[in-house]
Amino acid sequence: MRVLWHNDCVQAYSRSGMGTRYLVADRQASVTARRAQTMSSRWDEGGDVLDPVHLDGLVDAVVDRLPVILTEVREMLEQQHPDYAGFLAGEFDEVLGAARHCVLRLLGGPGADPRRAGMEHALFAQIGRMHHSQGQPVTALLGVYRDGAAIAWSHVAQLAVQGGYPADLLVAVAGNLFNAVEHLAQATLEGYLEEHPSTEQSHARDELHALLLSGRADLPSVQAQASRAGWVLPRTAAIVLVDPDRDGLQRMARSPGQCLTGWHAGAPVSIVADPQGPGHRTRLRTELTGVGAVIGSTVAIEALPATLPLAEHASRLAQAGVLPADPVFVDEHLDTLIVHRDPLALAALRERCLAPLDGLTPPARDRLIDTLRCWLTHMGERAAMADCLHVHPQTVRYRMRKLREVFGPALDDPAHRAALTLVLVWGAPASDLPPDPVVGRDPLGSDVLPGAPL
């Protein structure tokens, strides 16, 4: 792959015939790519050839200093890039071994394996691909390479001066070191660009995202747009809502399978392909923990718009604390979503059902409400209720006697018990939660979701 800089873009020409790809980046990354192009030819030819006889002492000194060098690099990363520092700390022995082989090869030490150059190129290209898949900018990573090289060179130069090596040899060593770093940066950028879609394809993906959520698309139109976007159209998909202030968009880049991410009605909305595929739900749960994510119902691709209102409803309930799950999968909470669909009606039903308790003090009322909820949940089993309430079974017996005094025969009425279950088991309505917007009504009064057939 050749990398050229032009008009604040990195333009890559792939030798494998994959076509031209563009990556809009800042000038810092562009300059790195331009320097990498200049240096790569030297590296491909083997770089400067150093005389191993005169460098044996320096090779040994640098190898012995490697743990100190890598520790200093890690300390630098802790301030600027803690994720990279964590990787270096966790894989320290492996990195140390790779660095030792690199020093032997660059300085002509005994035991150097020239075949490792190809292995390093493949490894750093994979790092670039992983960086892109995680939605992280490549400029920061290339900056880490430069900073690490500067730290390494300060130690190598110090050891060379202490060993009395001549200036021309120092120049050759510096050339080899920075040539190697630029080669690794080139490999990383190459891998990153291989994963980056073209500008035209990015626009096509944005248009596909908007089309799938519009509620006006027919399947042939979707198929044609997916082909232009290079997106393999799945049989099923789900909407994912995330909190943009909690790293949600970056997390979506690591979701299983294909993912389209964009903005809809002023909020980030992602579309995940085949969320019910083998292991996909588990990976989604792992990747999206802690970002306020809501995963909508899995439906055929053309039915996605109809699932958006329910996902938005679940998001509001999660923000109000009614749905404590993290992340929230809509299909795991359909009962709660139905009960809380109209918070005003739920509040009115709760007030009517619990009216017999109004004459009690607030602490006594709350205790009896908790007891009633446990009685309904555990179907009157006293030992389970005691565990639920963290009280003695005799206390449960006393409270149930009090409840029967207050409610009378209503507790034995199936219809009244069903209403009590509705208002207690699924939680109180969130007082600060506005009613869901009603976008339409059918003749029976139920909501008509956007995109749903009438």
Side-chain angles (χ1 to χ4, degrees), residues 28 31-32 34-81 84-85 87-89 91-121 123-124 127 140-189:
Q28 187 179 34
V31 171
T32 298
R34 186 168 46 180
R35 291 178 61 199
Q37 176 198 359
T38 304
M39 302 296 290
S40 62
S41 60
R42 287 181 55 203
W43 179 268
D44 292 339
E45 295 167 1
D48 294 328
V49 179
L50 305 182
D51 186 350
V53 175
H54 299 298
L55 286 181
D56 283 350
L58 181 60
V59 170
D60 293 340
V62 173
V63 168
D64 291 342
R65 184 72 68 89
L66 280 176
V68 176
I69 295 174
L70 292 179
T71 299
E72 189 172 330
V73 171
R74 178 178 57 78
E75 292 172 350
M76 177 269 295
L77 292 176
E78 287 176 348
Q79 301 297 323
Q80 303 175 17
H81 305 284
Y84 301 148
F87 169 79
L88 182 53
E91 307 292 336
F92 192 86
D93 291 341
E94 288 78 3
V95 174
L96 180 61
R100 178 180 177 276
H101 283 285
C102 187
V103 169
L104 294 177
R105 184 163 47 80
L106 293 179
L107 301 185
D113 185 357
R115 294 173 299 177
R116 293 187 67 91
M119 296 168 57
E120 290 167 3
H121 186 281
L123 172 63
F124 279 80
I127 290 174
L141 183 59
L142 300 183
V144 167
Y145 292 174
R146 289 191 296 271
D147 294 340
I151 291 174
W153 170 243
S154 68
H155 285 273
V156 173
Q158 181 188 46
L159 293 171
V161 171
Q162 291 174 352
Y165 292 94
D168 59 342
L169 201 57
L170 278 177
V171 171
V173 171
N176 264 21
L177 174 62
F178 288 100
N179 184 18
V181 172
E182 293 296 349
H183 174 73
L184 298 180
Q186 165 80 9
T188 296
L189 189 57

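In what follows, every heavy atom counts, from backbone to side chain, and hydrogens, waters and symmetry copies are set aside. The structure displayed is predicted, hence computed values, not measured ones.
- In terms of heavy atoms, A174 sits closest to W153 at CB-CH2, 3.6 Å.
- Residues V181 and A149 share a closest heavy-atom pair of CG2-CB, 3.5 Å.
- Applying the side chain to side chain donor-acceptor pair (under 3.5 Å) test to Q158 and every residue at least two apart in sequence or in another chain returns R65.
- Judged as a side chain to side chain donor-acceptor pair (under 3.5 Å), and not counting sequence neighbours, E91 has no contacts.
- A distance of 10.0 Å separates CG in L177 from CD in E182, rounded to the nearest 0.5 Å.
- Scored by the ring-ring contact (aromatic ring centres under 6.0 Å, His included) test, Y145 finds F124 as partners (sequence neighbours excluded).
- Residues meeting the side chain to side chain contact (heavy atoms under 4.5 Å, CB included) test with A99, sequence neighbours left out: L66.
- Residues passing the side chain to side chain contact (heavy atoms under 4.5 Å, CB included) test with S154, sequence neighbours excluded: none.
- Note that CG of L88 and OG1 of T71 are 8.0 Å apart. Values are rounded to the nearest 0.5 Å.
- The minimum heavy-atom distance linking A89 with R74 is given by the pair CB-CD, 3.7 Å.
- Considering only residues two or more places apart in sequence or on other chains, V62 meets the side chain to side chain contact (heavy atoms under 4.5 Å, CB included) condition with L58, V103, L107, V156, L159.
- In this structure, N179 CG and L184 CG are separated by 9.5 Å, a value rounded to the nearest 0.5 Å.
- Taken to the nearest 0.5 Å, the CG atom of L96 stands 10.0 Å off from the NE2 atom of H101.
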